[in-house]
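Worksheet: the structure to be examined is printed underneath.
A quick note: this is a predicted structure, and the numbers were derived from the prediction, not measured. Atoms within each ligand, like the ligands themselves, are counted from 1 in listed order.
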Amino acid sequence: MRAIAFHDVNDFRIEEVEVPKIGFGEVLLKLKACGLCGTDIHKAIHKTVNPGTVLGHEYTGEIVKVGEGVTKFKIGDRVVGAIHVPCFTCHYCQRQHYTLCPEFRETNIDPGGFAEYIRLSEKHVRHLLFGIPDSMSYQHATLAEPVACCIHGQKAAEIRPGDNVLIMGAGPIGVIHGQLLKHKDVSNVMISDVSSYKLSKAKEFGIDYTVNIKNDSLKDVVDKVTDNQGVDIVIIAAGVSSLLPEAVQLLRRGGRVICFSPFEKYPEVTIDAGRFFKDEISIVGTYSVSPYEFEEAILNISNGTIDAEKMITHEMAIDQVGEAITFAASPDEEVMKVVIVD
Ligand SMILES: [Zn+2]
Ligand SMILES: [Zn+2]
């Protein structure tokens, strides 16, 4: 079968590898669609994974083989699932901090989402594999993982009715956050970016205020919308750590910043730490997804809270993964979500 392996920046290779063999409790999927995630782009551009890695984790497919002992699924089932599975018993899991479980990042799909066939371990099959509703396409179902991650992040935000929320970054994650928020009782959702295309898409999703920070002052917009109070919540959905000091400035007293992006490139920033005590602000990090957000995400796609049709702007073939990453990473391209199809 074909698998697309990362070797270096701009060097993805189509490799011929063996179809994985499945064991007890496992299933083999024929890949149907896999979303290209911002973290795939980040890994490929900043070389944070080893050469030979098959990226892709927003996978959907049809089950073509089931191992002994599998009772939940059968051949022909259309499924979507997660890439990491927690152990449910460690110190972190007992405190519902599943994403920090040491086993979480050790569990992976084999070999990765950008491959013709994928083996799912017994743990994946048992805990984090879900049927796709008949009315939902494989492409639309690839959004379940990023939507579930955003649901996970918004739990940490503890959003209250009437809140004013600012999202920094109008890429796929930013506009998913925006759509989820527009279905809550929040007052105003603002979103900022440098791409006029992405901001115009954000408007289509009903986000109240779009701010192009190339031309406009975000602070002026926040002051106007919140009557100089500052925003209740800022969600940072762009991997730019210098956004954090600005987010802290834009918060109302008692407000909260949610960091939803890898800040690995320039991790050190200076923030106004005086605001913690006198203004009771908080900064919360959130990563990936727990086992309990997937079903809600699938529901949000099927009930239209997330407009999957509008989100997915491009479909590309599996042997175009390298081109897809360069294309989706370019700030000048008119692209929202790219889905790789086989
Ligand atoms: Zn993802
Ligand atoms: Zn654990």
(request) Measuring from the Zn ion (ligand 1), name the closest N, O or S atom belonging to Glu58. (result) OE2
(request) Inspect the contact between Glu26 and Lys65 and indicate whether a charged nitrogen and a carboxylate oxygen are less than 4.0 angstrom apart. (result) no
(message) Heavy-atom count check: over 12 atoms from other residues, nucleotides or ligands less than 6.0 Å from Glu333 CD?
(response) yes
(message) Distance check below 2.8 Å: does Asp40 bring an N, O or S atom to the Zn ion (ligand 1)?
(response) no
(request) Look at the aromatic rings of Phe12 and Phe6 and report parallel, tilted or perpendicular, splitting at 30° and 60°. (result) perpendicular
(message) Looking only at N, O or S atoms, which one in Glu145 sits nearest to the Zn ion (ligand 1)?
(response) OE1
(message) Closer than 2.8 Å to the Zn ion (ligand 2), what protein N/O/S atoms do you find?
(response) Cys87 SG, Cys90 SG, Cys93 SG, Cys101 SG
(request) Could you list the residues that satisfy ring pair (Phe, Tyr, Trp, His ring centres under 6.0 Å) with His7, not counting sequence neighbours? (result) none
(message) For the CG atom of Leu243 and the CE atom of Met168, what is their distance to the nearest 0.5 Å?
(response) 5.0 Å
(request) Using only N, O or S atoms, tell me which atom of His57 is closest to the Zn ion (ligand 1). (result) NE2
(request) Look at Asp220 together with Lys224 and state whether they make a salt bridge at an N to O cut-off of under 4.0 Å. (result) no
Only distances under 3.5 Å count here; give the side-chain donor-acceptor pairs of residues 38-46 to other protein atoms, sequence neighbours excluded, each with its distance to 0.1 Å.
unit_1	atom_1	unit_2	atom_2	d
Asp40	OD1	Gly56	N	3.3
Asp40	OD2	Cys37	N	3.0
His42	NE2	Glu264	OE1	2.7

(message) Going by the rule side chain to side chain contact (heavy atoms under 4.5 Å, CB included), which residues pair with Ser137 if we only count those two or more places apart in sequence or in a different chain?
(response) Gln139, His140
(request) Taking both backbone and side-chain atoms into account, decide whether Cys37 has an N/O/S atom under 2.8 Å from the Zn ion (ligand 1). (result) yes
